[in-house]
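One structure below.
Lettering follows sequence order; numbering is per chain, from 1.
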Amino acid sequence: MIDKLNDPQREAVTLPPGHALVLAGAGSGKTRVLTTRMAWLIQTRQSSPLGILAVTFTNKAAREMLARISAIMPIDTRGMWIGTFHGLCNRLLRAHFRDAGLPQAFQILDTADQFAAIKRLLKANNIDDEKYPPRDVQRFINCAKEEGQRPGDVEAYDSFRRRMIEIYTLYEAQCQREGVVDFPELLLRAFELLSRNEPIRNHYQRRFRHILVDEFQDTNNLQYRWLTLLAGDGASVFAVGDDDQSIYAFRGANVGNMADFERDFARGAVIRLEQNYRSYGHILDAANALISHNTGRLGKNLWTEQGAGEQIRVVEQPTDFAEAQWIVDEIRSLVAEGRSRHEIAILYRSNAQSRVIEHALFSSAIPYKVYGGLRFFERQEIKHALAYLRLISNPDDDTSWVRVVNFPPRGIGARTIESLMDQARTYDTSLAASVARVPGKAGSNLAQFLVSISQMAEATRGLPLPELVEHVIEHSGLIAHYKLDKEGADRIENLNELVTAATVFAIEEHFDGLPAGESVQWVSSATDSMGDSLTPAENISPLASFLSHAALEAGDNQAQAGQQAVQLMTVHAAKGLEFDAVFITGMEEGLFPHENSVLEPSGLEEERRLMYVAITRARERLYFSLAQSRMLHGQTRYPMRSRFLSEVPDQHLKWLTPKQQVAFDGHGSEPRWAGASRASIPNRPSVAPRSPTTGVLVGSQHFRIGQGVSHGRFGEGTIIGLSGSGLEAQAQIQFRDAGTKTLALGIAKLDITHG
DNA sequence: GACGTTGTCCTTTTT
DNA sequence: GGACAACGTC
């Protein structure tokens with residue numbers, strides 16, 4: 001088991017009890033170390049499988065860990081606490097719902113549900129949503145919770161914040177009344193449960209002697225405190241992470257947790273995994289050089305035994321369109337050389353960039369997959385179906401009530417809902433409980449809806465989960481509604497898929513055949529090494545369990561089937577993945593690094609880490625591409641080269657288009673390089689500019705070499721070269737202050753000043 | 001209550 | 001450029 005590991009890996013796996021920090025560089029075998037560590041603890045009888053808690057950030061990582069540990073040793077992983085922070089906290093809260101102050105059938109709001117709940121709250125309380133936009137309120141509440149703060153703990157140093165805190169208080173009351181918890185609440189509740197309830201805390205502290213944490217650099221402050229609380233004085237925390245790959249500060253991750261952990265717990269027990277098994281030397285050295293520009297790193301230098309490999313190919317194109325087209329052409333030749341399409345990835349900083357690339361791929365009939373689209377449980381029709389299911393489980397869930405009270409349409413309009421909300425607010429009850437107080441036709445429509453919900457609840461009593469789901473998608477009217485819709489066929493298919501998902505879930509969770517609405521009480525008969533009973537009774541009905549599952553695991557983010565497809569995704573989405581060939585696109589200031597991040601040093605450093613992640617995805621071949629002009633937000637921009645390009649030493653780069661700007665003399669067919677005396681131009685351009693000309697007509701303007709022009713951003717300049725014609729026409733312009741640029745004349749707005 | 005028109009805002013994302 | 005929300009009209 002451990003003899004296939006390299007020295008630092010083996011050292012990490014076999015560390016004696018005690019806290020430890022493993023700094024695992026990209027491609028250094030991080031997951032392998034984590035899973036082997038668990039297997040080793042079990043095999044050497046230092047722990048039973050049930051004495052281990054392993055926590056990850058994504059369901060995918062948790063699943064992979066489970067799969068790999070089962071592959072190493074044949075143990076029963078059921079009952080093991082391996083999961084995401086949110087999943088484990090949910091489990092904790094389900095088991096101790098009373099002590100946590102929650103109803104048994106509490107439901108989980110995903111980000112969109114929470115947003116809707118906040119909008120509803122602002123409206124019900126007549127709060128000005130111009131001054132307090134729901135987005136900002138949501139961020140305020142979530143940030144507070146992630147710092148472990150209840151409304152009373154947040155500092156109110158001005159009237160604006162005081163009001164925010166009031167809204168936070170109202171929001172908490174609303175959630176409590178409705179029996180729902182949002183994502184950060186799962187963590188905060190679980191944390192409070194452990195910290196306030198000594199018997200429960202003691203129980204879990206005695207049980208979990210080994211806590212393993214994946215992607216430790218992504219933990220937020222509350223997660224850090226949760227871990228240290230759970231560990232208590234006795235457990236060993238084995239934290240694995242890479243500070244250079246911390247790219248989630250924007251959602252509360254605190255890289256500082258790594259340094260804190262080293263200082264406060266892991267003193268001395270720090271192991272670095274620096275041997276990389278993924279990429280060739282040029283790629284790794286480029287990554288190392290780039291990331292060395294960051295300050296305050298824990299320090300790490302990747303190396304490989306694989307040799308230098310190829311340099312990074314760099315390409316500069318006049319437009320984003322040309323950039324995309326060039327990538328498509330290059331992919332064609334990569335495929336012609338025998339590479340698989342699914343081993344080629346195109347990465348971009350922001351999703352908006354994918355459109356042009358998709359267009360180019362589509363026009364060339366190259367199959368591709370875009371990651372990061374809508375997920376199964378986030379689809380409109382699925383959310384609607386889930387809302388009905390939630391109302392059956394808990395009629396006081398107002399978020400679900402509002403979502404489907406008039407869907408499919410049944411004559412309940414905004415005014416009716418408003419008056420219902422008024423009633424609910426006046427009497428401090430849920431919407432469902434206020435129906436009787438709404439008079440007239442509106443009231444009877446509402447009453448009818450209420451009846452149909454309770455009829456569905458009645459009719460499905462005692463039914464197993466899949467049958468229940470099937471009944472509800474039919475009797476809610478969703479199927480009938482989408483049948484009338486011309487584009488409803490896909491939605492109906494998805495609704496049927498929901499029944500399948502319920503079937504699979506019921507089998508996996510051993511709920512098959514059990515009535516979906518009744519709580520399953522099961523007590524694990526196993527005991528841990530100290531003779532403690534392991535788990536208190538789990539209190540959850542198959543239906544409530546399925547609904548948590550739907551909220552906690554929104555389904556695969558992966559696009560359509562089709563193995564042989566080029567992979568398109570953001571750099572964030574690429575973390576943890578690897579490909580033979582990688583294109584990093586849009587290497588431009590404002591885009592990568594993103595303009596919103598460059599003002600703060602910490603923002604810029606995160607962008608640099610993002611670039612580091614991007615570079616280290618490539619095994620063999622890496623491309624940087626950039627465009628001199630780009631359509632963004634409906635405007636053409638003329639970005640400068642990304643500073644990150646100059647942070648990678650020249651020796652690792654191979655420019656396929658000229659690094660220096662080209663200029664044409666206007667005669668002959670051979671381009672002449674500006675500054676031709678410099679020997680540093682490494683290569684002839686593989687994309688030769690079109691035949692040079694002395695003048696071109698673009699629109700109503702006739703451009704000539706030697707003309708003086710002025711440009712909105714670059715200022716005054718002189719045309720020193722022209723090529724192409726019509727839409728392809730480009731000019732090389734020597735600007736007085738902005739250097740030499742190649743601009744597409746059909747796109748750039750130029751005024752002729754003289755000549 | 002349904003539909004068409006104008007106006008605003010644009011990173012990154014998992015749970 | 002495009003998604004989505006808010007407004008105005010039938």
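Summarising the geometry, the separation between CD on A:Gln217 and P on B:dT14 is reported as 15 Å, rounded to the nearest angstrom. When rounded to the nearest whole Å, the span between CZ of A:Phe377 and P of B:dT14 equals 16 Å. Straight-line distance from the CD atom of A:Glu215 to the P atom of B:dT15: 12 Å, rounded to whole Å. Across the protein-nucleic acid pair, A:His549 atom NE2 and B:dT15 atom P stand 11 Å apart, rounded to whole Å. When the P atom of C:dG2 is taken as reference, atom NE2 of A:His359 falls 12 Å away, rounded to whole Å. Rounded to whole angstrom, the span from the CG atom of A:Asp218 across to the P atom of B:dT15 amounts to 12 Å. Rounding to whole angstrom units, CG of residue A:Leu222 and P of B:dT15 are separated by 17 Å. In this entry the distance linking CD of A:Gln114 with C1' of B:dT13 reads 14 Å, nearest Å.
Legend: residues meeting ring-ring contact (aromatic ring centres under 6.0 Å, His included) with A:Phe160, ordered by chain and number and at least two apart, are A:Tyr132. Scanning for salt bridge (charged side-chain N to carboxylate O under 4.0 Å, His left out) contacts around A:Asp214 gives A:Lys30, with sequence neighbours left out. Residues meeting the side chain to side chain contact (heavy atoms under 4.5 Å, CB included) test with A:Lys483, sequence neighbours left out: A:Ile479, A:Ile492. Partners of A:Ser419 under the side chain to side chain contact (heavy atoms under 4.5 Å, CB included) rule, at least two apart in sequence or in another chain, are A:Val438. Shown here are the ring-ring contact (aromatic ring centres under 6.0 Å, His included) partners of A:Phe449, two or more places apart in sequence or in another chain: A:Trp401. Scored by the side chain to side chain donor-acceptor pair (under 3.5 Å) test, A:Arg643 finds A:Glu589 as partners (sequence neighbours excluded).
Taking for each of A:Thr416 and A:Glu378 the nucleotide of DNA chain B with the nearest heavy atom, the 5'-most of the two is the partner of A:Thr416.
With its glycosidic angle within 90° of 0, B:dT11 is assigned syn.
The listed nucleotides are B:dT15, B:dT14, C:dG2; the one nearest the side chain of A:Arg355 is C:dG2.
Within residues 402-410 of chain A, the residues having any heavy atom under 4.0 Å from DNA chain B are, by residue number, A:Pro409.
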Nucleotide N/O of nucleotides 5-12 of chain B paired with protein N/O under 3.5 Å:
residue : atom : partner  : partner atom : Å
B:dT11  : O4'  : A:His594 : NE2          : 3.3
B:dT12  : OP1  : A:Asn351 : N            : 2.8
B:dT12  : OP1  : A:Asn351 : ND2          : 3.2
B:dT12  : O4'  : A:Arg349 : NH1          : 3.1
B:dT12  : O2   : A:Arg349 : NH2          : 3.1

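Residue contacts shown for A:Leu109 are absent, as no nucleic acid heavy atom lies under 4.0 Å away.
For the pair A:Tyr171 and A:Phe140, the minimum side-chain heavy-atom distance is 4.5 Å or more. A:Leu193 has its side chain out of reach of A:Arg189: every pair of non-hydrogen atoms, C-beta onward, lies at least 4.5 Å apart.
The salt bridge (Lys or Arg N to Asp or Glu O under 4.0 Å) contacts involving residues 569-578 of chain A comprise A:Glu215-A:Lys575, A:Asp218-A:Lys575, A:Arg278-A:Glu578, A:Glu578-A:Arg619, where partners must be two or more places apart or lie in separate chains.
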